[in-house]
Amino acid sequence: MKFDNRLVLFNLRLFDSERGRLLHDRSVLVEGERIEAVEKGLAAQESGAFTPVDLGGLTLMPGLIDTHVHITMPFMHEMTPRAFFAVGRQIERNARACIEAGITTVRDTGGFPGRLSSLISAIDSNDIPGPRIIRCNSCITAPGGCPDWVPLFPRFIKAFLGGQYAERVGSPEEAARQTGEMIRQGAQWIKVYCQHRSWLLGGGDLPVLDPGTFRAVMDTARGSGRKVCCHISRLEDLEYAMSMGVDTFEHNPLDEIADHAAVEFAARGMAINPTLACLDAGSDELWQTVESVLDERGPSILEPEPLRQVRRYIRTYRTDPYPPPKSAYRKKPCFDLALIARGFPHALANVGRVLHAGGRIGIGTDSGGLPSALFGVFYAEELKRLRLAGLTPAQVLMLATSGNASILGMDDRIGTIRPGRIADMIAVEGNPLEDLGAVSKVRMVMKSGRFLKGAPGAKHFRIVSKWLRGRNSR
Ligand SMILES: [Zn+2]
């Protein structure tokens with residue numbers, strides 16, 4: 001959507017996401033939805049045609065990118081009647097939470113196609129604030145396969161939700177048909193599951209797509225120019241999916257990525273989104289963070305029913321005796337947190353192994369994938385854990401912006417602040433290269449040249465945003 005605006009952002013430090021450094025004394029000119037120029041000095045004084053926006057010394061960086069969310073999936077376990085009617089409102093809150101946290105692009109790695117379509121059109125027509133969404137629509141998996149914690153919804157619930165979370169396919173023909181259907185409904189990526197062993201208590205071995213069926217998904221996706229992302233959990237999953245030629249791996253083996261696999265992975269230009277915060281789900285630190293966020297602002301980020309469900313989820317894993325008796329987890333799926341916790345140190349070390357071999361790492365949060373994976377909260381948690389894996393703040397921020405843009409094949413449009421790129425930019429308080437915590441202090445968010453969140457310190461911001469709103473509504 002084209003619109004008129006000419007802005008010059010000044011009095012800022014600029015994060016150069018290609019070289020991982022801060023540039024001082026720069027001004028950024030925005031025209032319409034694009035970045036027009038990045039200039040040295042105070043371009044504001046020379047650019048009469050551009051309305052000045054004083055950023056008050058904040059650090060300006062490209063909008064954050066999250067390569068793994070489930071924006072339409074607020075309730076993985078319990079589709080109660082109350083949850084059912086809160087779905088639409090919660091989805092809007094998820095979108096808003098991304099913007100509040102400075103996340104301007106997400107790849108949705110599995111959700112309800114109908115809900116995704118309506119969310120995307122509401123965001124595109126500026127009815128609600130939300131990120132740019134790259135969509136996979138429903139995931140493709142084997143009958144009885146992972147995600148074994150997500151039910152197959154009966155027809156009327158499916159119609160209400162706008163599809164299934166995961167479509168089960170048992171033959172190459174079915175695989176080609178479902179993959180084609182996802183593409184027809186707007187999927188830009190295809191998501192497949194490939195997990196041979198369950199994460200659930202009492203889950204055991206799981207079926208995965210056989211080679212012919214997996215190949216049919218790949219061929220159909222490739223035939224329409226789509227890339228494929230693949231959920232994995234162990235080295236055997238990664239090796240199998242790698243032999244099929246997928247583009248990105250979601251999550252990260254809970255055992256060690258063997259050297260030969262890391263080398264092949266790197267040589268083939270594949271990328272992995274390690275979702276460390278999601279795999280650290282058993283840690284006390286993470287539980288405390290989630291609980292304190294719920295205490296502080298639970299009702300503002302979650303509808304009443306999801307809030308109740310998230311609290312109950314925390315009780316199940318944190319307060320009640322764990323593991324629960326067999327009779328309880330037979331009735332309701334329950335994650336084997338001890339299994340995941342034992343694998344976490346390997347998952348952390350795998351990040352170093354992949355980077356050492358020259359492979360690509362992405363930043364994905366799995367927000368919405370677990371009840372505790374709150375939108376806008378897990379991003380900072382993921383960054384923290386990448387630091388634990390040995391990355392510097394500059395490396396982490398490059399992955400969050402230019403690195404993720406390249407994994408999504410969008411580095412010609414987003415992820416850097418350069419002339420011609422889409423004006424997705426955020427301003428944060430402090431120096432994120434000294435303290436990554438600065439990335440949580442988001443004071444301004446611009447997406448496609450529009451302010452979606454203000455900058456209280458910036459002198460002209462309120463006037464400019466009012467002026468913009470006036471112009472946009474014409
Ligand atoms: Zn996920």
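Counting starts at 1 for both ligands and their atoms, following the listed order.
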His251 and His231 aromatic ring geometry - parallel, tilted or perpendicular at 30°/60° bounds: perpendicular
Under the salt bridge (Lys or Arg N to Asp or Glu O under 4.0 Å) test, residues paired with Asp411 that sit two or more places apart: none
Plane angle bin for Phe84 and Phe160 - parallel if under 30°, tilted between 30 and 60°, otherwise perpendicular: parallel
Environment of the Zn ion (ligand 1) in terms of protein N/O/S atoms, cut-off under 2.8 Å: His68 NE2, His70 NE2, Asp366 OD1
Test item: Lys227 and Ile190 side chains (from C-beta on) under 4.5 Å apart, heavy atoms: no
Ring-face cation of Arg107 near Trp189 (centre distance under 6.0 Å, axis angle within 45°): yes
Aromatic ring pairing Tyr317/Tyr322, orientation class (parallel under 30°, perpendicular over 60°, tilted between): tilted
